[in-house]
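Step one of this worksheet: look at the structure below.
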Protein chains: 2
Amino acid sequence: MAQQDGRLGQEGMATEEKDPKTGTAGGTMRADGNPDDSRGSLFRSNLPRPTMADVARLSGFSAMTVSRALKDGASVSATTRERILGVIEEIGYVPDLTAGGLSSKRSGFITALVPTINNSNFSDTACGLTDALSERGLQLLLGYTDYSSGREEELISAMLRRRPEGMILTGGFHTERARRLLESAAIPIIETWDLPEAPVDQVVGFSNADASRAMVHHLVERGYRNIGFIGGSSNRDTRGADRRAGYEAAMSELGLGEGHIITFGTPPISMEQGGQAIAQMIEQWPEVDAVICVSDLSAFGVIMECHRRGWSVPGRVAVAGFGDFEVSRCCWPSITTVTVNSYDIGKQAGELLLSTIDRIRAGEEVAPATVKIDFKVVSREST
Amino acid sequence: MAQQDGRLGQEGMATEEKDPKTGTAGGTMRADGNPDDSRGSLFRSNLPRPTMADVARLSGFSAMTVSRALKDGASVSATTRERILGVIEEIGYVPDLTAGGLSSKRSGFITALVPTINNSNFSDTACGLTDALSERGLQLLLGYTDYSSGREEELISAMLRRRPEGMILTGGFHTERARRLLESAAIPIIETWDLPEAPVDQVVGFSNADASRAMVHHLVERGYRNIGFIGGSSNRDTRGADRRAGYEAAMSELGLGEGHIITFGTPPISMEQGGQAIAQMIEQWPEVDAVICVSDLSAFGVIMECHRRGWSVPGRVAVAGFGDFEVSRCCWPSITTVTVNSYDIGKQAGELLLSTIDRIRAGEEVAPATVKIDFKVVSREST
DNA sequence: GTTTCGAATGTTATCGATAACAAATGTTGT
DNA sequence: ACAACATTTGTTATCGATAACATTCGAAAC
């Protein structure tokens, strides 16, 4: 009880001096530390934090009983639990999951790797995952690969050191070493946002090629024939490549020729790049009357560039996107797109992972499942 | 060496059957598992993974030497290290950071809490942080609070169980219990995106009120007088509230009256909500000739709604945003906004955290610093 | 009243690494 | 050649929790 005295000591919290003029319009980014104010940092001292043994001693029970009092289904009498929780509150004990995990061999982590978190599709998926996992007290270790399979490999290796109980990946392309690491990790893996031909384990996704194909059909139904495609230079973004492949396949199936493709920059291709791409497209193939963009963001860039150049959308050229980002719903004209429930991909992946973990732990043999997520072409003003 | 045999056994990876028609345009989100394919899941078996002791035995050295061979600055002979790394590669040993951290009392984690990851400002900050931290092998545990201080408190409590070596927070408002938890955690804390009056510890941010004030000045310089403000209903998003306060202060300082404020929905306020808000604004105060929006996203919604209604921007009404999102650069008219280097906030926070950790570990007394990040009004077509 | 059983609690070993100290080996200077 | 020291390696204790088994105690069953 004496142990933590002094650590929580009150420190003077000086009021910040204000300088309302600083930084008002002008100057480049600047940052200067001014260590001249006097918040105390005593609380950062390296005194040992209370452990379960401290709680045990102070409450008069054994450490094991304390441990049980903190678990849900454990057999502890109500009065005991109450007393223990009282002590915990009093001394501010915070359990150390690191130690617990080492002993129980359950880290409480799930790892998820996405290409980038700065894309509402993937961040929605991450939210779905978090929601599914947090119900069971699992934490999400999130990493982003920047669309690089090399970085993915590094991340997989780094994450596995935390002994995650499962891993969620985006897409079906991984380096050889990554696949080896995953296999010897011996944990459930779920690949998402894709339907890989040779999955590592389980899958929650959809066929990007089919979605793209569906969009071509939609445009053809509405009378467009000279349909172009705008995407990033591939081999990094395999989902983008699949969409392009689906476009090409559909064009040839429908006897509409080879199609017109502008590839541009490294993924994710930005709004600005979409604008540049449409200019190039129209210059090279003036007959193009519709374009499919690899994502809504580039589609939006296309439309804004058309505005600038006085090309009416969809009059001069129709524009379709992918992903149903908020901007495509809100912009004018609103953008025809392929909608996929990104949040749901995460939620389903999380739930599948949980049930798989449960079943493995129960000793069942789990046959890897593939959960197909529906997509849908949403027709809006831009086509 | 025999131990891990069989775990890496080759399993049949059956090719997925394809069904290209499924999901083509129509139907609501559906997901059905089809566990009828035959990927093997043998590799998921619960055999024990190799440990450092295994590496030690197979290489003929002690576990301690293996541990040193994996550290950077440790004294091991070149041949020894080579031999050990060979064994590690051969048996596929992956170190367990959990165990290492327990022993060394360094978890290798930093926690960051943001309001939402689905906002490029915060995800950029998260990227900056990751970049700063990964140089030192630290991993980021990311959580999102949904703009709720209650959820923040829960997350802080949950994250502290992982014994992070530092924590990055967004904003300066925290519950009492959260502050207590942070103090007794005795680790460096950095609050970002704000300049709190009573910081917990260190700060990397800017004054949202001042930024907003600067925007009012910008509009006034350009001749606007009836300036309105559109934001979310406050008390959750304190940065949004600060921006509103700065707006109100500037209006009254400049003798432009109390201003006209539309508050709308819970933050983050969306593009759609921005559209609804401007309609309400113009109906209620037709004399308004300029609006400042709490973020670029709502500003974009405003502009699109103006398009729809035939109100020219900036002719009928000028529009300003906040945050310099990509959409504001690319849309037409492009949006005048306040630009803040979000990535830099993360990078600086990460570096400050690292140096603080170093100095504390070296036994130095660290005076909490405040790093001010510059912001800048960027004038574009919408004003 | 004894037996039986189940709930509540305690004891000991262990998870997989690293710190701290100890020992062995090699190297340099005179 | 030998002290003095640096480099490399090994030993033991430990981090903070939980698993597995052992024990205690009281209530129900006969």
Side-chain angles (χ1 to χ4, degrees), chain A residues 3-4 46-84 87-88 91-109 137 160-165 361, chain B residues 3-4 46-84 87-88 91-109 137 160-165 361:
Chain A
Q3 172 184 2
Q4 66 286 353
N46 250 341
L47 290 173
R49 313 199 55 196
T51 74
M52 191 172 271
D54 296 326
V55 178
R57 193 164 24 74
L58 293 172
S59 65
F61 292 96
S62 71
M64 198 60 231
T65 301
V66 175
S67 173
R68 282 192 271 253
L70 287 170
K71 261 221 307 232
D72 262 348
S75 62
V76 212
S77 80
T79 54
T80 303
R81 167 171 280 136
E82 210 172 313
R83 186 127 55 101
I84 288 176
V87 173
I88 286 176
I91 70 172
Y93 166 69
V94 176
D96 185 333
L97 292 188
T98 292
L102 180 57
S103 167
S104 67
K105 294 174 157 297
R106 304 184 51 168
S107 66
F109 279 126
L160 285 179
R161 291 158 196 244
R162 299 288 180 185
R163 299 288 186 265
E165 301 180 32
R361 192 155 282 137
Chain B
Q3 172 185 1
Q4 66 286 354
N46 251 341
L47 290 172
R49 312 199 56 196
T51 75
M52 191 171 270
D54 296 325
V55 178
R57 194 164 24 77
L58 292 172
S59 65
F61 291 96
S62 71
M64 197 60 229
T65 301
V66 175
S67 172
R68 283 192 271 250
L70 287 170
K71 262 220 308 232
D72 261 348
S75 62
V76 213
S77 81
T79 54
T80 303
R81 166 172 281 137
E82 209 173 312
R83 186 126 56 102
I84 288 177
V87 172
I88 286 177
I91 70 173
Y93 166 69
V94 177
D96 185 333
L97 291 187
T98 292
L102 179 58
S103 167
S104 67
K105 296 175 155 298
R106 304 183 51 168
S107 66
F109 278 125
L160 285 179
R161 291 157 196 244
R162 299 287 180 186
R163 298 289 186 265
E165 300 181 32
R361 192 155 282 138

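Order of the sequence lines fixes the chain letters, A, B, ..., with proteins taken first and strands second; residue numbering starts at 1 for each chain. Computed from a prediction, not measured in an experiment: that's the story for all the values here.
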Looking at [options], which one has an atom nearest to any side-chain atom of [X]?
X	options	result
A:Ser75	C:dA20, C:dA19, C:dT9	C:dT9
B:Ser104	C:dA19, D:dT18, D:dA17	C:dA19
A:Phe61	C:dG10, D:dG16, D:dG10	C:dG10

Write down the distance between [atom1] ([X]) and [atom2] ([N]), rounded to a whole number of angstrom.
X	N	atom1	atom2	result
A:Arg81	C:dA7	CZ	C1'	13 Å
B:Met64	C:dA23	CE	P	17 Å
A:Arg161	C:dC15	CZ	C1'	19 Å
B:Met52	D:dG10	CE	P	13 Å
A:Arg49	D:dA17	CZ	P	10 Å
B:Arg106	C:dA19	CZ	P	9 Å
B:Arg68	C:dA17	CZ	C1'	13 Å
B:Glu82	D:dT8	CD	C1'	16 Å

Check your understanding: Atom CG in B:Leu102, atom CZ in B:Arg163: separation rounded to 0.5 Å?
Key -> 10.0 Å
**Study point:** Nearest-nucleotide comparison on DNA chain D, the residue closer to the 5′ end among B:Ser103 and B:Ser62
**Key:**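 Going by which nucleotide is closer to the 5' end, it is B:Ser62.
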Review point. More 5' along DNA chain D: B:Thr80 or B:Lys105, using each one's nearest nucleotide?
Key: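 Counting from the 5' end, the first nearest nucleotide belongs to B:Thr80.
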Review point. Is there a donor-acceptor contact under 3.5 Å from the side chain of B:Ser59 to the main chain of B:Arg83?
Key: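 Side chain of B:Ser59 to backbone of B:Arg83: no pair is present.
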Kindly indicate whether the side chain of [X], heavy atoms from C-beta on, has any atom under 4.5 Å from the side chain of [Y].
X	Y	result
B:Tyr93	B:Met52	yes
A:Ile88	A:Leu70	yes
B:Ile84	B:Thr65	yes

**Study point:** Residues from residues 92-102 of chain A lying under 4.0 Å of DNA chain D - heavy atoms
**Key:**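 By residue number: A:Tyr93, A:Pro95, A:Asp96, A:Ala99, A:Gly100, A:Leu102.
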Review point. At under 4.0 Å, does any side-chain N or O of A:Ser77 touch on OP1 or OP2 of C:dA8?
Key: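 Answer is no, no contact under 4.0 Å.
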Check your understanding: If you take all heavy atoms of B:Arg162 and B:Ser107, which pair is closest and at what distance?
Key ->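 Nearest heavy atoms, B:Arg162 then B:Ser107: O-CB, 3.6 Å.
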Exercise for review: Kindly determine whether A:Asp54 and A:Arg49 satisfy side chain to side chain contact (heavy atoms under 4.5 Å, CB included), including the steps that lead there.
Suggested key: CA-CA 10 Å; A:Asp54 296 326; A:Arg49 313 199 55 196; over 6 Å; no
